[in-house]
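Taking it in order: structure first as structure tokens, then the write-up.
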Protein chains: 2
Amino acid sequence: MTKPVSAASLGQTSSLHHLFALPPGRALDICLKLQSAILEHKLAPGLKLAEDEVGEIYGASRTVVRAALQALAHSGLVSIEKNRGAFIAKPTIREAHEVFQARALIEPAVARLAAEAITDDQVEGLRAHLDAEHAALDAGDMGKALLLSGGFHIEIADIADHKVFARMVRAMISRSSLIIALYWKRSDTACESHSHHALMTAFANRDADAAESIQKSHIIDLHSGLDLREKQTHGSSLSDALKGK
Amino acid sequence: MTKPVSAASLGQTSSLHHLFALPPGRALDICLKLQSAILEHKLAPGLKLAEDEVGEIYGASRTVVRAALQALAHSGLVSIEKNRGAFIAKPTIREAHEVFQARALIEPAVARLAAEAITDDQVEGLRAHLDAEHAALDAGDMGKALLLSGGFHIEIADIADHKVFARMVRAMISRSSLIIALYWKRSDTACESHSHHALMTAFANRDADAAESIQKSHIIDLHSGLDLREKQTHGSSLSDALKGK
DNA sequence: CAATTCAAGATCGTATACAATTTTTAGCCA
DNA sequence: TGGCTAAAAATTGTATACGATCTTGAATTG
């Protein structure tokens with residue numbers, strides 16, 4: 001008997017305070033659309049985002065597209081190389097470790113704040129979010145499930161009502177999505193939803209200690225779900241390996 | 001018997017890994033120059049940065065200036081209002097609390113990492129930095145002293161060799177500079193240099209526990225050095241107060 | 001005189017054109 | 001064939017022009 005949560009409303013709440021310091025306008029629209037596409041793993045790390053191509057797709061001039069790409073670069077989702085253009089970012093193994101170390105420090109503290117501040121309505125909101133996660137998992141829609149899974153962490157940061165932390169969490173979740181696209185190894189993604197359920201319970205009980213410690217375990221668990229071993233460059237040929245291609 | 005530290009070299013180390021996701025070029029140059037000016041309190045919060053004006057000063061077209069201003073906006077130093085332009089950011093009292101809460105969480109952890117990783121050369125570098133801070137204080141150059149004081153925290157983050165944390169610290173130090181410009185109340189800034197000296201000693205001894213706890217106390221102390229009471233709007237007239245002007 | 005209206009000026013938002021640089025491709029030679 | 005060179009194509013970097021929006025200040029009106 002839980003209210004269904006439309007994808008649209010979830011999208012809204014996620015973007016209500018977004019990462020980008022752009023005024024409302026077309027550049028921001030393009031930014032948000034590209035961000036969604038990246039977070040849903042519709043655009044793979046390393047992919048080139050040519051200005052003309054993006055402009056063609058969204059019907060905007062290069063001026064606007066450039067502003068959007070630069071905003072995405074500042075958020076860490078895209079990297080811009082001088083005279084070469086913009087590419088979906090490819091976090092290194094080292095960066096992956098760093099991001100999850102940072103999450104393990106910050107998000108538990110945020111979870112504590114959230115548990116101390118959460119309202120009944122917000123508990124219901126989280127519950128609905130969890131249901132949507134389950135639904136996406138059951139439907140086998142991994143892209144959406146991943147987006148929602150990240151959204152859960154962002155919603156917690158919003159509940160904590162701490163704009164500085166919320167901004168950091170958004171940035172880290174974004175980068176985590178890229179990291180997962182590159183390095184995820186674990187087969188069972190169900191366990192993740194389990195952690196979120198345990199968090200929910202802690203929030204419902206206003207148990208700040210539990211929320212903090214569950215969140216910390218959860219993030220350490222996510223970290224350990226990555227395959228972050230340095231791979232031997234076993235390219236198809238020696239020249240490929242040496243070119244770093 | 002300590003090597004003098006030139007302002008130039010300090011500037012270099014601070015900008016070697018900067019906050020901005022811009023490729024090398026004129027936009028980045030303008031960004032860094034504006035950043036220095038803001039951090040030295042040469043440009044006051046709320047000041048308007050008109051595109052033509054900035055372009056005139058640095059000899060660049062609006063295209064380039066806009067990219068620089070947007071980068072500064074993403075770093076939190078500038079806020080852009082649609083159809084109105086860019087202004088030096090004016091953090092609210094609430095944001096000030098949040099920034100120092102975040103610093104109190106993150107920087108002690110960073111100090112611990114730094115203490116575990118620091119090399120002898122880096123200890124010397126910090127010592128030289130401290131000397132420069134003292135020199136600026138003795139010379140009564142508050143702008144420079146403040147810049148160096150922030151630079152000390154950034155150098156620690158660089159020593160910790162953790163890019164994700166270092167980026168966060170840079171962003172927080174930048175915003176702290178604006179916050180201090182707006183809300184600093186304490187008369188004796190000498191105590192600050194004292195805290196930095198205590199940190200130095202902990203680093204020299206590779207005492208991670210001490211570094212972490214001293215850094216935490218230091219940041220809490222800085223936080224308490226701000227006057228963050230909500231002021232009554234005692235404008236010159238009722239209409240001024242109600243207009244929020 | 002205060003408040004309002006409206007036009008002139010200033011400033012920002014965006015498209016487009018051209019220059020600089022990179023990437024691709026074709027040609028050449030060993 | 002493989003590798004080098006150079007011209008052509010494609011892409012990004014930047015300046016500028018024009019339309020849209022905001023700001024300013026003078027004229028108008030109650």
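Every chain is numbered from 1, with letters handed out A, B, ... down the list of sequences. Keep in mind that what you see is a predicted model, and the values were worked out from it rather than measured.
Under the 30°/60° scheme for interplanar angles, the aromatic rings of B/F20 and A/H74 are found to stand perpendicular.
Following rounding to the nearest Å, B/K82 (NZ) and D/dT23 (C1') show an atom-to-atom distance of 17 Å. Between the P atom of D/dG13 and the CZ atom of A/R62 lies a distance of 8 Å, rounded to the nearest Å. Rounded to whole Å, atom P of C/dT14 lies 11 Å from atom CD of B/E51. Following rounding to the nearest Å, B/I80 (CD1) and D/dC22 (P) show an atom-to-atom distance of 16 Å. Residue A/L22 contributes atom CG, which lies 14 Å from atom C1' of C/dC12 at whole-angstrom precision. For the pair B/L28 CG and D/dT14 C1', the interatomic distance rounds to 16 Å; values are reported in whole Å. Summarising the geometry, the separation between CG on B/D29 and P on D/dG13 is reported as 15 Å, rounded to the nearest angstrom. In this structure, A/E81 atom CD and C/dT21 atom P are separated by 17 Å, rounded to whole Å.
Residue order along DNA chain C, read from the 5' end via each residue's closest nucleotide, puts B/D52 first among A/N83 and B/D52.
When the side-chain nitrogen and oxygen atoms of B/T63 are compared with OP1 and OP2 of D/dT14, none of them lie within a distance under 4.0 Å. Contact annotation: B/R84 side-chain N/O to D/dT23 OP1/OP2 distance is under 4.0 Å. Proximity of A/K48 to the phosphate of D/dT12: a side-chain N or O atom is located under 4.0 Å from OP1 or OP2.
Using a 4.0 Å heavy-atom distance criterion, B/R26 is classed as a sugar-phosphate-only contact.
Here the OG1 atom belonging to A/T92 is positioned 7.5 Å from the NZ atom belonging to B/K163, to the nearest 0.5 angstrom.
Judged by distance alone, the side chain of B/S149 and the main-chain N or O of B/A145 form no donor-acceptor pair under 3.5 Å.
Side-chain contact between A/I118 and A/L126 is present, with heavy atoms from C-beta onward closer than 4.5 Å.
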